[in-house]
Amino acid sequence: MGSLSTYINRFSGVRVLVIGDLMLDQFTYGKVERISPEAPVPVFKVTHEKTMLGGAGNVVANLCALGCQVSLVGVVGRDAAGDKITALLRECGAKSHLLRMSGYPTIVKTRLIAGGSHLSRVDREEAAPVLTGLMERYEKMLRRLVQPVDIVLISDYNKGLLTADTTPAIIKVCTRLNKPVIVDPKGADYSKYAGATLVKPNLKEFCEVAGQGNYKPAEPDFAEHLQAGAAELLQRYHLQNLLVTLGEHGMALLSAATPGSMIQIPTQAREVFDVSGAGDTSLATLGAALGGGAPIRQAMQLANLASGIVVGKLGTATVTASELHQALASPRPDGESWHPERKLHSLESAAEYIGRLRRQGKTIGFTNGAFDCCHLGHLSSFVRARQLCDALIVAVNSDASVRRAKGENRPVQDERTRALLLASMEFVDAVIIFDEETPLHIIERLRPDVLAKEGYTLDRWPEAQFAQTYGAKIVTLPRVDNYSTTQLVERMKKN
């Protein structure tokens with residue numbers, strides 16, 4: 001049995017076939033500054049857009065990020081969205097085997113986002129055409145594609161590809177060729193997954209299929225109920241394993257080979273920013289590990305570790321093999337991984353992060369500065385500012401902007417070092433590096449609820465003047481006497 005790092009090192013040689021429902025995820029960002037005169041609805045002014053692989057495509061993106069050799073079977077329409085999915089798969093490095101169908105619109109999910117908050121989601125989708133007439137050709141293609149791979153992942157979003165006919169055909173081919181097949185299921189009918197190596201529902205999905213009420217991990221009889229429900233499903237559908245993901249409680253494995261027992265491992269996430277995509281990351285990492293020969297428990301540990309990383313990220317849904325190595329090499333005393341880099345991000349990802357916090361009812365605070373030599377005055381400002389909000393965003397001047405303001409001999413420390421030092425503080429929640437004279441453009445985009453800064457009055461604080469126009473709270477923090485970076489630098493020169 002190898003170490004977890006050993007199995008991560010094998011990812012680049014693992015060949016994975018993904019079969020599942022494809023969709024295009026679009027994110028349309030904009031501003032809402034007025035109400036329409038035509039109806040009592042907000043006017044959404046588009047500023048920019050981002051397009052990503054969705055559904056099974058996100059599983060592919062995760063596998064490619066881990067370094068695996070990935071192939072994909074899916075259905076798209078003969079339209080612009082289908083062309084975009086094809087291009088994104090090519091950019092990932094995946095080999096795609098797509099059925100391009102005339103008259104079938106590619107599934108597109110568009111999210112309208114203003115000020116970091118989701119306003120609406122617009123879905124364009126129709127049921128996929130029945131493939132019954134193509135089954136012979138489909139099975140022949142499956143045999144050809146399954147033969148050379150190490151593992152097959154089925155990503156079911158109940159969009160029409162994975163039916164009561166096609167799904168058993170996949171599992172039948174995999175069984176004949178002795179290839180493990182892992183299923184991320186959808187719906188309450190598991191009969192189409194009969195014979196799968198492993199089915200990976202979340203707890204809500206498991207409860208719906210088991211039909212025995214809602215199981216709660218915090219309750220003392222949780223393990224007993226979970227084992228009883230799993231035993232019935234394993235037997236009824238001839239499944240080898242059930243891996244139930246439990247959110248913040250980790251995941252639990254129940255196996256037909258060891259009835260009456262359960263392996264449960266805790267979550268690795270220290271703080272959850274975004275759970276979207278975590279299931280795809282978990283499926284991809286589990287598949288990569290099992291395809292590389294990892295025992296199921298070690299594969300679970302890696303999948304759990306990857307999920308913990310991705311939900312702690314800001315605006316991303318993939319994890320790399322390098323990040324997994326770093327997480328293993330940098331354990332926290334409580335067994336979790338810690339990386340201040342997670343708090344460093346662009347204005348774009350900061351907007352997404354703040355949007356998620358606002359949907360949780362959180363108050364956003366903001367401060368900024370060069371923070372060249374972090375001293376007691378800075379620490380006092382951060383602590384006081386954090387007391388005024390639920391999450392504190394700190395904007396840090398870039399090296400170029402510091403030189404423009406303070407001369408060629410400054411900063412003493414480069415921008416990344418300064419940003420990492422701030423990100424390592426528990427009362428700083430996110431850090432942005434900016435190059436402009438003031439962070440006004442950041443305030444315009446993020447619209448924090450509180451602006452707090454040491455020693456600044458409103459008449460010489462342009463970003464605070466703007467923030468007042470939308471109702472932000474402006475706080476001038478008290479200055480700690482005899483502490484400034486300039487004073488510290490002069491003292492060091494004298495000594």
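Worth knowing before you read on, the calculation uses all heavy atoms, side chains too, and leaves out hydrogens, waters and symmetry mates.
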Who are the ring-ring contact (aromatic ring centres under 6.0 Å, His included) partners of Phe382, not counting sequence neighbours? Phe371
For the residue pair Asp83 / Thr86, report whether a side-chain donor-acceptor contact shorter than 3.5 Å exists. no
Can you check whether Pro448's main-chain N or O pairs, donor with acceptor, with Tyr470's side chain at less than 3.5 Å? yes
Side-chain atoms of residues 26-33: list all donor-acceptor pairs with protein atoms under 3.5 Å, sequence neighbours left out, distances to 0.1 Å.
from: Gln26; atom 1: OE1; to: Thr110; atom 2: OG1; distance (Å): 3.0
from: Thr28; atom 1: OG1; to: Glu49; atom 2: OE2; distance (Å): 3.1
from: Tyr29; atom 1: OH; to: Glu352; atom 2: OE2; distance (Å): 2.4

So, Arg384 and Ser380: side-chain donor and acceptor under 3.5 Å apart, yes or no? yes
Is the Tyr7-Phe11 ring centre distance short of 6.0 angstrom? no
Got a salt bridge between Asp25 and Lys109, using NZ or NE/NH1/NH2 to carboxylate O under 4.0 Å? no
Report the residues that fulfil side-chain contact (heavy atoms from CB on, under 4.5 Å) with Ser71, sequence neighbours left out, ordered by chain and then residue number. Leu17, Lys95, His97
Is it true that Glu348 and Arg445 have a side-chain N and a carboxylate O under 4.0 angstrom from each other? yes
How about CD on Glu437, more than 12 heavy atoms from neighbouring residues, nucleotides or ligands closer than 6.0 Å, or not? no
Roughly how far, to the nearest 0.5 Å, is the CD1 atom of Ile8 from the CG atom of Leu324? 4.5 Å
Do Asp435 and Ser401 meet the criterion of a side-chain donor-acceptor pair at a distance under 3.5 Å? no
If we ignore hydrogens and angles and just use 3.5 Å, is the side chain of Lys362 paired with the main-chain N or O of Ile354 as donor and acceptor? no
Does Arg10 reach the main-chain N or O of Gly292 with its side chain, forming a donor-acceptor pair under 3.5 Å? yes
Listed by chain and number, what are the ring-ring contact (aromatic ring centres under 6.0 Å, His included) partners of Phe427, not counting sequence neighbours? none
Salt bridge check: are Arg386 and Asp429 linked by an N-O gap of less than 4.0 Å? yes
Could you state the interatomic distance from CZ (Arg111) to NZ (Lys50), rounded to the nearest 0.5 Å? 10.5 Å
Value rounded to 0.5 Å, distance of CG in Leu53 from SG in Cys92: 5.0 Å
Thr281-Asn62 side chain donor-acceptor pair, cut-off 3.5 Å: yes
Residue pairs, two or more places apart or on separate chains, that pass ring pair (Phe, Tyr, Trp, His ring centres under 6.0 Å) and touch residues 431-453: none
Run the salt-bridge test on Arg418 and Asp399 with the 4.0 Å N-O cut-off and return the result as yes or no. yes
What pairs meet the ring pair (Phe, Tyr, Trp, His ring centres under 6.0 Å) rule with one or both residues in residues 390-413, with sequence neighbours excluded? none
Under 3.5 Å donor-acceptor, Thr318 side chain and Ala61 backbone: no
Nearest 0.5 Å, please: how far is CG in Asp21 from CG in Asp156? 6.0 Å
Between Ile296 and Leu198, is the side chain to side chain contact (heavy atoms under 4.5 Å, CB included) condition met? List the steps. CA-CA 10 Å; Ile296 184 65; Leu198 184 147; 3.7 Å; yes
Tell me if the CD atom of Glu436 is crowded by more than 12 foreign heavy atoms within 6.0 Å. yes
